[in-house]
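Below, read A as the first sequence line, B as the second, and so on, with proteins coming before strands; counting in each chain starts at 1.
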There are 2 protein chains.
Amino acid sequence: MQGPPHIQSKSLSAQIYAQLKYQLMAARLQPGDRLKIRDMAQSLGTSETPVREALLQLVRDGALEMKPGYYIRVRRLTLQEYVELREIRLLLEPHAAAKALQNVDDAFIAELEQVHETLIRAELEKDYPTALLANYEFHFSVYRRSEMPQLIEILERLWVQIGPLLNFLYPFGHPSYDGPHQHLNVIAALRNRDADALADAFRDDLIEGGRSFLKYLESIEPEKQP
Amino acid sequence: MQGPPHIQSKSLSAQIYAQLKYQLMAARLQPGDRLKIRDMAQSLGTSETPVREALLQLVRDGALEMKPGYYIRVRRLTLQEYVELREIRLLLEPHAAAKALQNVDDAFIAELEQVHETLIRAELEKDYPTALLANYEFHFSVYRRSEMPQLIEILERLWVQIGPLLNFLYPFGHPSYDGPHQHLNVIAALRNRDADALADAFRDDLIEGGRSFLKYLESIEPEKQP
DNA sequence: CATAATGAGATACATGATATATCAAATTTA
DNA sequence: TAAATTTGATATATCATGTATCTCATTATG
């Protein structure tokens, strides 16, 4: 999600799709939020067709759910679905990171540290949308260096499914930092050019980052989210 | 791809999407084949809107490629893209198989042997569409037992990207069986309830199955496919 | 209290209009 | 004369608009 979307010279469907994806990642939308084609078309100043097409793409991505003749809303992940997504991410993300290592230079590591600082600052200030975007940027700026575009596509789809849930849970369950932040292990591993340590650092970040979310999800699962 | 598509009581887009997906897996379409919205709408007896929507889904899946104002055609994978997809599959498919093991019983193994026999018979008779579908069925009937629906979704998307290429290459490059077929190792591992052996068998099947494709792809890559 | 009819709201689809990319032929130019 | 460029015709996707249909909630009814 590189900056706010100012796309041009693409089809309208594609532009709307990109906008929505950004909103899903940037804490603008929460699980269960309903999206109405007609309203969106009006507020965007377009017709319903491209809106509908963009929404259908996101349904396919698993970010939205649709009851055919009736409504479209931001998908609500069950606890079980969240766990499954995490399991898949554990298979893919450490691998992407390890592959990225060969394309990492010192300048990149410096940039990454900047992103991490932005994340920490935003968390302290309780600016969760910024924190979420910084976390996204931290992970994907590494993954992108893997030069595996199709793997990155898959990972983007996984993240856009989880995004709204994080938006909802972040204030309650963001990592607590008893120990050092896992991102620092990532940076250290990059410095040492140690692929195994790098993969492990991402694995740990995923597990630790998810732990508090999981705990919270378990506690509210019976009653479901609003 | 369970049998020919006779879908009902779904949205038109979804029906058309399912049909196209089937055709992509069943050797009806080859890389580079062009798909025209208007023609398809006419031959299906529907309007253009649902056709376009179905095609857009498949573009999103990576099965089709589209030059925005101009054409839509079956995607042509480059050698590099094929290799990347195989790398991703190697991360996911053995895992899915291992997870499936706990839900496998003897009746299932017997069914799987039937599917494998269908595959072998079809290959001998050079009935490649049937062989491809049987191979699909062999793999996914195992994966489905993993009870990881989202992982299976991802795998389906990977296969639908590769499908047309296999349709094109199968006559040239289908596995040669110097040794025993890897599917037999799969069945043996299932019988022994050996998760590691099962994962390895799928890994080997993927690598061996891809080897001859790769060789062929490399030989024609410079000039590209028709 | 359970069930059936009714109505509002939203999506799904069909139809029609517009814009744009490509290709080929004609024209210009070296 | 040959090459390159322009120009126009054609085909196609894209988007807008209008209509039909479906789902659910509410209310009426047995």
Side-chain angles (χ1 to χ4, degrees), chain A residues 5-21 23-24 29-76 224 226, chain B residues 5-21 23-24 29-76 164 224-226:
Chain A
H6 265 295
I7 311 98
Q8 209 50 267
S9 78
K10 274 199 206 169
S11 80
L12 255 183
S13 313
Q15 292 179 48
I16 296 170
Y17 174 82
Q19 283 219 15
L20 278 171
K21 195 166 164 183
Q23 292 188 14
L24 286 164
L29 292 167
Q30 290 198 354
D33 281 359
R34 196 160 166 192
L35 300 173
K36 300 184 186 179
I37 294 177
R38 198 173 296 170
D39 295 355
M40 292 182 60
Q42 190 152 23
S43 76
L44 289 168
T46 74
S47 87
E48 297 177 11
T49 307
V51 173
R52 177 177 149 77
E53 285 168 0
L55 292 178
L56 282 174
Q57 308 291 318
L58 286 162
V59 170
R60 179 104 205 91
D61 289 341
L64 306 179
E65 58 188 359
M66 149 188 281
K67 198 157 159 47
Y70 189 42
Y71 62 67
I72 300 170
R73 61 183 191 188
V74 178
R75 178 164 167 221
R76 294 182 185 185
K224 305 284 184 188
Chain B
H6 266 295
I7 310 98
Q8 210 50 266
S9 78
K10 273 199 209 170
S11 82
L12 256 182
S13 315
Q15 292 179 48
I16 297 171
Y17 174 82
Q19 283 219 14
L20 277 170
K21 194 166 167 185
Q23 291 187 14
L24 286 164
L29 292 167
Q30 291 198 352
D33 282 359
R34 197 161 166 190
L35 299 172
K36 302 185 185 179
I37 294 178
R38 196 171 297 172
D39 295 354
M40 292 181 61
Q42 189 152 23
S43 77
L44 289 169
T46 75
S47 88
E48 298 176 12
T49 307
V51 172
R52 177 176 151 77
E53 285 169 1
L55 293 178
L56 280 174
Q57 305 293 319
L58 286 162
V59 169
R60 181 101 208 94
D61 289 341
L64 306 179
E65 59 187 359
M66 149 186 284
K67 199 158 155 45
Y70 189 45
Y71 63 69
I72 300 170
R73 60 182 193 189
V74 179
R75 177 163 168 222
R76 295 182 184 184
K224 305 284 183 188
Q225 313 135 39

Engineer: For the residue pair B/Glu48 and B/Val51, establish whether any side-chain heavy-atom pair is separated by less than 4.5 Å.
Structural biologist: no

Engineer: Taking only residues two or more places apart in sequence, or in another chain, which ones meet A/Arg60 in a salt bridge (charged side-chain N to carboxylate O under 4.0 Å, His left out)?
Structural biologist: B/Asp61, B/Glu153

Engineer: With a 4.5 Å limit on heavy-atom distance, are the side chains of A/Leu35 and A/Leu29 in contact?
Structural biologist: yes

Engineer: Looking for any heavy atom pair under 4.0 Å, which part of the strands does A/Ile16 touch: base, sugar-phosphate only, or nothing?
Structural biologist: nothing

Engineer: Over all heavy atoms of both residues, which pair between B/Pro31 and B/Pro164 is shortest? Give the atoms and the distance, please.
Structural biologist: CD-O, 3.2 Å

Engineer: Which residues satisfy the side-chain hydrogen bond (donor to acceptor under 3.5 Å, both in side chains) test with B/Glu53, sequence neighbours excluded?
Structural biologist: A/Arg52, B/Ser13

Engineer: Roughly how far, to the nearest 0.5 Å, is the NZ atom of B/Lys21 from the CG atom of B/Leu58?
Structural biologist: 8.0 Å

Engineer: Can you give me every donor-acceptor pair (side chain of residues 64-75 of chain A, partner residue at least two apart or in another chain, under 3.5 Å) with its distance?
Structural biologist:
{"from": "A/Glu65", "atom 1": "OE2", "to": "A/Arg73", "atom 2": "NE", "distance (Å)": "3.0"}
{"from": "A/Glu65", "atom 1": "OE2", "to": "A/Arg73", "atom 2": "NH2", "distance (Å)": "3.3"}
{"from": "A/Arg75", "atom 1": "NH1", "to": "A/Gly62", "atom 2": "O", "distance (Å)": "2.9"}
{"from": "A/Arg75", "atom 1": "NH1", "to": "A/Gln161", "atom 2": "OE1", "distance (Å)": "2.7"}
{"from": "A/Arg75", "atom 1": "NH2", "to": "A/Glu81", "atom 2": "OE2", "distance (Å)": "3.4"}
{"from": "A/Arg75", "atom 1": "NH2", "to": "B/Gln150", "atom 2": "OE1", "distance (Å)": "2.9"}

Engineer: Using a 4.0 Å heavy-atom cut-off across all strands, classify B/Leu55 as base, sugar-phosphate, or nothing.
Structural biologist: nothing

Engineer: Reading nucleotides 14-24 of chain D from the 5' end, what letters show protein touch, with B for base, S for backbone sugar-phosphate only, - for no heavy atom under 4.0 Å?
Structural biologist: BSBB------S

Engineer: Would you give me the side-chain donor-acceptor pairs under 3.5 Å for residues 36-44 of chain A, sequence neighbours excluded?
Structural biologist:
{"from": "A/Ser43", "atom 1": "OG", "to": "A/Met40", "atom 2": "O", "distance (Å)": "3.2"}

Engineer: Can you give the first and last nucleotides of DNA chain C, 5' to 3', that have an atom under 4.0 Å from a heavy atom of chain A?
Structural biologist: C/dA10 to C/dC13

